[in-house]
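Just so you know, these numbers come straight off a predicted model, no measurement behind them. For the numbers below, each heavy atom of this structure counts, side chains included, while hydrogens, waters and symmetry mates do not. In each ligand, atom 1 is the first atom listed, and ligand 1 is the first ligand listed.
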Amino acid sequence: MIIAVDGPAASGKGTLARRLAAHYGLAYLDTGSLYRAVALAVLRAGGDPADEAAAVAAAHALDMADTEDPALRGSDVGRAASVVAAMPAVREAILDRQRRFAHTPPGAVLDGRDIATVVCPDAEVKLFVTASDEVRAMRRCKELEAAGEAVGYDAVLRDLVERDARDRNRTHAPLRQADDAYLLDTSNLDIEAAFRAAVGIVDSYRETGGVRP
Ligand SMILES: Nc1ncnc2c1ncn2[C@@H]1O[C@H](COP(=O)(O)OP(=O)(O)OP(=O)(O)O)[C@@H](O)[C@H]1O
Ligand SMILES: Nc1ccn([C@@H]2O[C@H](COP(=O)(O)O)[C@@H](O)[C@H]2O)c(=O)n1
């Protein structure tokens with residue numbers, strides 16, 4: 001089984017996707033970490049994330065071990081990731097890797113922006129996870145604070161809105177809800193409630209052989 005989980009920044013899709021993978025015994029891939037790793041490689045080499053040649057070279061040289069670096073979680077890296085992610089040649093360089101991961105038995109849960117629309121349009125279950133801008137900014141603020149990166153709420157909100165706009169408005173593989181994806185708004189759901197709702201949706205898809213609940 002392949003479960004595609006897409007949504008805007010800090011909507012909680014990674015938290016949900018990781019738990020769904022554990023619950024159903026599937027592998028898990030945070031595809032955002034691939035774009036973050038490409039961006040971090042460019043930044044560490046002293047380059048500009050907008051330099052397409054540098055970003056494409058970093059994408060081709062990407063090693064999965066690079067996606068474990070704690071430095072990936074910084075807000076500067078998130079911003080740079082959305083710049084390199086707008087480049088079709090960067091996306092192309094890491095597309096097959098994501099598809100191979102998804103199609104390795106027994107299947108996988110992948111979270112990102114284009115999983116249901118481009119990477120795995122054949123996924124059995126497609127979730128589009130969202131939450132209001134304000135709720136997402138508050139969650140990200142708390143997360144950054146806990147990691148020792150104190151960024152004010154206003155700056156975090158601005159950053160999320162700007163990153164989402166870049167992700168939604170790019171021409172290649174933009175962030176959008178697939179026509180056959182189920183919308184899960186977690187604005188008023190804590191992590192446990194969001195997980196229970198997602199399990200309900202997945203089980204319903206499986207019981208009905210793919211009919212959207
Ligand atoms: N339903 C929820 N209620 C409260 N906090 C949540 C909820 N879901 C996730 N969080 C918290 O919000 C933060 C962002 O969640 P997460 O990293 O899963 O989002 P994401 O959509 O994967 O973000 P990104 O796309 O930027 O990687 C984390 O600190 C997480 O613990
Ligand atoms: N499937 C994906 C996943 C991510 N991106 C881009 O990477 C940025 C960082 O992703 P996070 O999930 O870690 O926040 C994100 O803003 C996107 O630009 C993508 O394009 N496609």
Val90-Leu43 co-clustered via ILVMFWY side chain contacts under 4.5 Å: no

Closest protein heavy atom to atom 2 (C) of ligand 2, given as residue, atom name and distance to 0.1 Å: Arg113 N, 3.3 Å

Which residue and heavy atom of the protein sit nearest atom 25 (O) of ligand 1, plus the separation: Lys13 NZ, 2.4 Å

Sequence-distant partners of Glu162, side-chain contact (heavy atoms from CB on, under 4.5 Å), two or more places apart: Arg79, Arg166

Per-atom contacts of ligand 1 with Leu189, taking only distances under 4.0 Å to non-hydrogen atoms: 1 (N), 2 (C), 3 (N)

Closest approach of any protein heavy atom to atom 18 (O) of ligand 1, naming residue and atom: Thr15 OG1, 2.5 Å

Atom 6 (C) of ligand 2: nearest protein contact (heavy atom, Å): Ala85 CB, 3.6 Å

Shortest heavy-atom approach to atom 28 (C) of ligand 1 - which of Lys142, Arg139, Glu143: Glu143

Salt bridge (Lys or Arg N to Asp or Glu O under 4.0 Å) partners of Asp6, counting only residues at least two apart: none

contact_flag Arg170 ligand 2 heavy-atom lt 4.0 Å: yes

Protein contact of atom 18 (O) of ligand 2 - nearest heavy atom, named by residue and atom, plus distance: Asp167 OD1, 2.6 Å

Which segment of Arg19 sits under 4.0 Å of ligand 1 when only heavy atoms are counted: neither

For atom 5 (N) of ligand 2, closest protein heavy-atom neighbour: Tyr35 CD1, 3.6 Å

Protein heavy atom at shortest distance from atom 10 (O) of ligand 2: Gly32 CA, 3.5 Å

Per-atom contacts of ligand 1 with Arg163, taking only distances under 4.0 Å to non-hydrogen atoms: 26 (O)

Residue portion contacting ligand 1 (non-hydrogen atoms closer than 4.0 Å) for Pro8: backbone

Arg91 to ligand 2, any heavy atom closer than 4.0 Å: yes

